[in-house]
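What follows is a single structure, written as structure tokens, with notes after it.
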Amino acid sequence: GKDVTLHVYNLEDNIDEAKKLIKNPELKSMDLIVGPVYSNTFKIIADFAKQYRINIVNPFSTREETTWGNPFVFQPQPVYSSQNDKLVGYLNEKHDYSQILIARHNQYRDEAAFNSLKDKLNHDLENRKGPSTGLYHEIIYSQDSTYSFEHLASVDHQNVVIVYSENKVFILDIMRSLNELRDTFNIMVVGIPDWTKIDGLEAEYLDNLNTHVIAGQYTNYSLDVVRSFVQKFRAQYGTEPKDFAFSGYNIGIYFLSALMKYGTSFNDCIPYFDMELLNMGFDFESSGPNGYQNKNWKILGMEGYKYKDFSKRLETYDLSKPPKKFYKYMEE
């Protein structure tokens, strides 16, 4: 029901072209800018958008610094640092009796990201109700393979093994070793940062070890809304929709809805305006002078040799009344 005037500019990874574009007077009148997709040109357009107080969306970046220092930037793709929040919340809610172990290949690989995960576990992981003597145990796989796991794992409770790696060879090796122990121990593997992007992982191991992953998106083709989108896309374009098509639809529906409901200065409303979309959810948060990052991750679990979405669907807030979670004085 909203009338939209759409301006399309063909801007590739060319800084000179970006500088030329911001001299176009019609750009100052935009209510929303989506893109560009390249970091160098996006920075130029984003600085322009900040100067003229225009909200701008970076559709594909997962870099932490994308939103730094610019309160008008929106980042729909969640950054990996917020993945730890989702993981710890899930462990506290669903696995408070489980033994927690975290594994990596060696003590130097992915050190900064792994330490960030440990800091989150140390800070927010609730006291275990199960058999562990600490919040969690660490395994350096290159030093002792699964020797540490066999001595630290519980035979009475589930053992959640968080494997931090994007290295396919290492992942296959540790999954093979853990698979040999599954008759002795109840094991659930959590793969991070996002194993859904790694091709060729052994499906049998993933299924045997009840593997869970934390992913930014998941397309469930059995949902009515997804089936309807795919059918309409086929009819319109004569081909199957790929990731960019889903992303375009998600961003269009969400931000055009925000414009329609709350006007061009929708920033203050965005923290309350959560929305489940085709294959991901948008739950934006901002801190200090920075822009808005999507904090929503999906919890996927392997079941019957394919992933199933175990995430809670987002609650969409009604802005006609103050949202309860932000106003403690409201009556229950």
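We number each residue from 1, following the sequence as shown.
- Checked against a 6.0 Å centroid threshold, the rings of F48 and Y52 count as neighbours.
- Ring pair H95/H212 is perpendicular by interplanar angle, where above 60° counts as perpendicular and below 30° as parallel.
- Side chain to side chain, D194 and T196 meet the donor-acceptor criterion of an N or O pair below 3.5 Å.
- Between F74 and F284, the two ring planes are perpendicular [angle over 60°; tilted spans 30° to 60°].
- Checked against the 6.0 Å centroid threshold, Y307 and W195 do not count as a close aromatic pair.
- Rounding to the nearest 0.5 Å places OG1 of T66 at 8.5 Å from CD of E64.
- When the options Y164, F170, Y147, F149 are evaluated for a ring pair (Phe, Tyr, Trp, His ring centres under 6.0 Å) with Y141, the one that passes is F170.
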The test is salt bridge (Lys or Arg N to Asp or Glu O under 4.0 Å); show your working for D16 and K20 and say whether it passes.
CA-CA 6 Å; D16 291 335; K20 180 180 178 181; over 6 Å; no
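- Shown here are the ring pair (Phe, Tyr, Trp, His ring centres under 6.0 Å) partners of F60, two or more places apart in sequence or in another chain: F244.
- Using a 4.5 Å heavy-atom threshold, the side chains of E138 and F114 count as touching.
- For E166, the CD atom counts as loosely surrounded, since its 6.0 Å shell holds 12 or fewer non-hydrogen atoms of other residues, nucleotides or ligands.
- A centroid separation of 6.0 Å or more is found between the aromatic rings of F273 and F282.
- Side chains of S148 and D144: a donor on one and an acceptor on the other come within 3.5 Å.
- In the model, Q293 has no side-chain atom that pairs as donor or acceptor with a side-chain atom of S82 under 3.5 Å.
- Aromatic pair Y249/F233: centroids not less than 6.0 angstrom apart.
- In this structure, the side chains of R234 and F229 stay at 4.5 Å or more apart for every pair of heavy atoms.
- Under the 4.5 Å side-chain heavy-atom criterion for ILVMFWY residues, a single connected hydrophobic cluster contains both V213 and I174.
- Side-chain N/O atoms of N250 and N279 include a donor and acceptor closer than 3.5 Å.
- Residues N267 and N55 bring a donor and an acceptor atom of their side chains to less than 3.5 Å of each other.
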